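Report on one structure; see the data block that follows.
Owing to the predicted nature of the structure, the values given are computational and were not obtained by experimental measurement. Chain A is the first sequence line, chain B the second, and so forth, proteins listed ahead of strands; every chain is numbered from 1.
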Protein chains: 2
Amino acid sequence: MSFFQEQAVTSSDKTFFRLREEIVEGEIAAGSKLSEVELSTKYEVSRAVVREAINRLEACNIVERKANVGARVVTLTAEGLIELYQIREALEGMAARLAAQNMPEAEIEKLATLLDDQFELVKQGQSYYQEAGDLDFHYRIIVGSQNQQLITMLSNGIYHLARMYRVQLGMTGPRVTTAYDEHKHIVRAIANRDGELAEILMRRHIQYSKNNIAVKLSKM
Amino acid sequence: MSFFQEQAVTSSDKTFFRLREEIVEGEIAAGSKLSEVELSTKYEVSRAVVREAINRLEACNIVERKANVGARVVTLTAEGLIELYQIREALEGMAARLAAQNMPEAEIEKLATLLDDQFELVKQGQSYYQEAGDLDFHYRIIVGSQNQQLITMLSNGIYHLARMYRVQLGMTGPRVTTAYDEHKHIVRAIANRDGELAEILMRRHIQYSKNNIAVKLSKM
DNA sequence: AAAACACAAATTGTCGACAATATTATTATA
DNA sequence: TATAATAATATTGTCGACAATTTGTGTTTT
């Protein structure tokens, strides 16, 4: 389901991907301890590769580690969610601004038709904003920024953490129609090469989805 | 000279800090290869700890690694600098906005008096904006945001990379007086709890310093 | 002479074992 | 009984060795 397919060449890569998935998807509970020996027997690899995988997860802010004590999966809190979305707002806002400057016409075109196609599905009763569609939208704009460091930052680290929150809070359905409209406006601003507006709209869009999640979080 | 003193508990920490410093300060050249065995003999530690240090540097975007081939220090390019400052602009702009919301009065007070003290030095002919002063200013605002993830992101990763550019381009002196004024205005906006303005001013401030560096970079 | 192949050297990736530290359990003492 | 000191256990940190992969060299072939 990932667009930016990272390919695992080394055994450490595979372990990292697998462990990350199990954490993000909630198979390994938030806040739980990660024992190196336990995981190495479970995945049938040496402790060294598990260690390396955990180190990488730490760099993603998915686990926290204390020296000589060990690593724990981060706990999901309202504060953490807000912090994360503040960062997303800043970075993806900038990405939208840069995309308005740098995204090739052809890519903008494709993004627009993608939205149109999704709109057809909405009219036919299928709910838009099925995770994947939203993801695709955001990812294309991030790539459109053509800022390599920004792309790496968002798609390696922040994205997975954000998904962890959504998954574990059971965010599947809503925000159907409004999200579509918001996407549409953002694309229009990019097509008009209006970076200022694109940034403002993207930031609002992310603020809305933050509020949407925060509401659910407060009910738990 | 670092404010946020990270304390090295493990041998791997020490190696990481030391290696990072040597790279940032230019003792190890940009673009050069990092041999694990070579470094392990140089630092008198095992390859495992060097490996771990390099992995961490990779997460900071200070080195790039290719599987089964090795790690190289990143090369400094104009594009890389611009990308980095675009990210700084987004994140520190957000930090200033949040600081306007969250920074305790006492901290704002201290920041203001700090600037006043520095201004005295400027009047006495000492050049303001000696790296450290600027750094202190930015760091206090970042901390003032009270967004823990943002603080980590900036002070662990981005800051060191930015410093690497400045050091290796020989950015010591200029931007003396204007930078002081800019700082002053930002603090006033924060004191007035005007997050909107604080963000705008901080973003401009960073844009200016980017331009300042980019000029020097273009002359090389 | 250029290209393709085979071989050798060097480097990284992975492993199991040992050392150092933290946690838990036990005993001794007030 | 509660608390402090101590021993036992478990977990992480570090190391050296081996395996896998890449890179460089030399040879063969066209």
Side-chain angles (χ1 to χ4, degrees), chain A residues 5-23 27-75 152 156, chain B residues 5-23 27-75 152 156:
Chain A
Q5 66 275 4
E6 314 147 293
Q7 55 184 1
V9 23
T10 169
S11 169
S12 192
D13 291 337
K14 283 194 276 268
T15 308
F16 168 60
F17 292 146
R18 186 167 167 190
L19 190 51
R20 184 180 65 188
E21 174 149 343
E22 292 196 16
I23 291 173
E27 298 165 43
I28 296 177
S32 61
K33 184 166 195 311
L34 295 179
S35 163
E36 294 183 0
V37 288
E38 189 180 325
L39 290 172
S40 69
T41 57
K42 176 179 174 185
Y43 294 147
E44 292 176 318
V45 289
S46 88
R47 254 187 68 214
V49 330
V50 171
R51 231 182 122 71
E52 214 171 294
I54 291 178
N55 279 335
R56 288 210 246 170
L57 287 172
E58 187 190 11
C60 300
N61 293 311
I62 289 179
V63 314
E64 288 168 345
R65 149 169 291 184
K66 259 200 324 192
N68 289 314
V69 173
R72 308 192 78 89
V73 179
V74 295
T75 57
T152 305
N156 273 359
Chain B
Q5 65 275 10
E6 316 148 291
Q7 56 184 0
V9 22
T10 169
S11 168
S12 193
D13 291 336
K14 282 193 275 270
T15 307
F16 169 60
F17 292 147
R18 186 167 166 189
L19 190 50
R20 183 179 65 187
E21 174 150 344
E22 292 197 14
I23 292 173
E27 298 166 42
I28 296 178
S32 61
K33 183 166 195 314
L34 295 178
S35 162
E36 293 183 0
V37 290
E38 189 181 325
L39 291 172
S40 69
T41 57
K42 177 181 175 185
Y43 294 148
E44 294 176 316
V45 290
S46 88
R47 255 189 65 216
V49 330
V50 171
R51 233 183 120 70
E52 213 171 293
I54 291 179
N55 279 334
R56 286 210 247 172
L57 287 172
E58 187 189 12
C60 300
N61 292 312
I62 289 179
V63 313
E64 289 169 344
R65 149 169 289 186
K66 260 200 325 191
N68 288 314
V69 173
R72 308 193 77 88
V73 179
V74 295
T75 57
T152 305
N156 273 358

message = Across nucleotides 5-18 of chain C, 5' to 3', mark each nucleotide with B, S or - according to how protein heavy atoms within less than 4.0 Å reach it.
response = ------SBBBB-B-
Without placing hydrogens or testing angles, list every side-chain donor-acceptor pair under 3.5 Å for residues 46-54 of chain A, not counting sequence neighbours.
| from | atom 1 | to | atom 2 | distance (Å) |
| --- | --- | --- | --- | --- |
| A:Ser46 | OG | A:Ala48 | N | 3.1 |
| A:Arg47 | NE | A:Glu36 | OE1 | 3.0 |
| A:Arg47 | NH2 | A:Glu36 | OE1 | 3.0 |
| A:Arg51 | NE | B:Glu52 | OE1 | 3.4 |
| A:Arg51 | NH1 | A:Glu36 | OE2 | 3.0 |
| A:Arg51 | NH2 | B:Glu52 | OE1 | 3.3 |
| A:Glu52 | OE1 | B:Arg51 | NE | 3.4 |
| A:Glu52 | OE1 | B:Arg51 | NH2 | 3.3 |

request  = Find the distance between CG (A:Asp13) and CD (A:Glu6) and round it off to the nearest 0.5 Å.
outcome  = 9.0 Å
Result block: side-chain N/O donor-acceptor pairs under 3.5 angstrom for residues 28-35 of chain A, not counting sequence neighbours:
| from | atom 1 | to | atom 2 | distance (Å) |
| --- | --- | --- | --- | --- |
| A:Ser32 | OG | A:Ala29 | O | 2.7 |
| A:Ser35 | OG | A:Glu38 | N | 3.2 |

ask   = Just wondering, are more than 12 heavy atoms of other shown residues or ligands nearer than 6.0 Å to CD in B:Glu21?
value = no
query = Does CD in B:Glu44 sit with more than 12 non-hydrogen atoms of other residues, nucleotides or ligands closer than 6.0 Å?
reply = no
